[in-house]
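Structure first, commentary second.
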Amino acid sequence: MKEVKEIGSWLSNFQLSHPLVIGGPCSAETEEQVLAIANELKNTDVTVFRAGIWKPRTKPGNFEGVGAIGLKWLKKVKEQTGLLLATEVANKIQVDLALENDIDILWIGARTTVSPFAVQEIADALQGTDKIVLVKNPVNPDLSLWEGAIERFYNAGIKKLGAIHRGFSVYEKTKYRNNPQWQIAIELKNSFPHLPIICDPSHIGGRRDLIFDISQTALDLSFDGLMIETHTTPDEAWSDAKQQITPATLLQMIQDLKVKVNTTEEDAFKTALENLRAEIDIIDQNLIETLSKRMGVATEIGKLKKKNNVAILQSDRWTAILEKMSKEGTKYGLSEDFIKNIFKAIHQESINTQQKQA
Ligand code: PEP
Ligand code: MN
């Protein structure tokens, strides 16, 4: 574990004056399509061109990628634009083809990171190469699985590693396609302080209009880069149409995003403070969402009690909650008084909510 924490900072070799920006379509569709997008991105702040060649689709019957032919198109992209190339690989055959075609950055998709067998197969196939490997978070919010995948690559001798936060799948619908659980990404950064971490706001948001704010939050949390799906005619894209933006929109977005630059000690202090405040803001947002969920359940209880003609206040239940939570709080270093005050306020609000049903 100690060694893994020393993963090098290959990204600094890029000598960028801004976070790394990876742009390009969800999927390579045709040769003309990839070249048109890449030509709009050349000589800009976008230094890496992404395109999926093999697409892992949740359900069969959707576009599953053009396959190996797309790698030839990507080669042309590099020749014509000088952009570095990034694509997703999910097994040994795909790794071998990507290596043969000079792909610079291989990323591991969220559906692959969940499978230690697949990750190990890819890591073995990459052994002895000097490739950059970016590991997306697993579909489910499991920090160990994410760390484990990174360790498998490190153990295979891959030193140019990075992570991509693309959000986590949840059963309940939220405004996001995949919930950004920033605290998990922050914990990953705490485990591997030198590991570059990139945000993929396209797969987090699933919608064009969310991409800017998600990207800004990532930059506020000192993420090292962004990977943003880009298409010349997003509405006509063969996959992920709703979340793709045009190259022009991406370039404007890069202009408008605020990037922090550290120069003095005072700046370093401000940045550290801002990072912590951004963390607090995320936790507060989670608190509000959790409280709102709790009140939603209270409403259901209110309806049930009304239907069965049961009194709202059940003091035995309330005393039991208070006792249980005080004990639980003590385990986490929270004072009994604090817990009691908070739960009294929550309980009162819960009663008010239930009374509205009466
Ligand atoms: C992608 O980047 O196109 C992709 C399939 O992403 P994810 O693995 O995050 O779903
Ligand atoms: Mn996609």
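Indexing begins at 1, ligand by ligand and atom by atom, following the structure's order.
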Looking only at N, O or S atoms, find the one in [X] nearest to the Mn ion (ligand 2) and name it.
X	result
E229	OE2
D240	OD2
H203	NE2

Looking at [X], which atoms of ligand 1 are within less than 4.0 Å of one of its heavy atoms?
X	answer
K55	1 (C), 3 (O), 5 (C)
R50	1 (C), 2 (O), 3 (O)
G109	8 (O)
R111	7 (P), 8 (O), 10 (O)

Please tell me whether K305 and Q354 have a donor and an acceptor in their side chains that are separated by less than 3.5 angstrom.
yes
Yes or no on side-chain contact (heavy atoms from CB on, under 4.5 Å) for L250 and I254, after CA distance, side-chain angles and deciding distance?
CA-CA 6 Å; L250 173 60; I254 298 171; 4.1 Å; yes
Protein contact of [atom] - nearest heavy atom, named by residue and atom, plus distance:
atom	answer
atom 4 (C) of ligand 1	H203 NE2, 3.5 Å
atom 8 (O) of ligand 1	A110 N, 2.9 Å
atom 5 (C) of ligand 1	E88 OE1, 3.6 Å
atom 6 (O) of ligand 1	K136 NZ, 2.9 Å

Are K92 and D124 close enough, and set up right, to give a side-chain contact (heavy atoms from CB on, under 4.5 Å), and what steps lead you there?
CA-CA 8 Å; K92 176 174 162 43; D124 291 343; over 6 Å; no
Which residue is it: K78, R50, K160, K131? I am looking for the one with a salt bridge (Lys or Arg N to Asp or Glu O under 4.0 Å) to D104.
K78
Crowding at CZ, R277 (>12 non-hydrogen neighbours, <6.0 Å)
no
Tell me whether the count of non-hydrogen atoms from other residues, nucleotides or ligands lying under 6.0 Å of CD1 in I93 goes above 12.
no
Return the CD to CD1 distance between E88 and I164, rounded to the nearest 0.5 Å.
9.5 Å
For this output row, return yes or no: ring centroids of W182 and F223 closer than 6.0 angstrom.
yes
Using distance alone, determine whether R166 and ligand 1 share an N or O pair under 3.5 Å.
yes
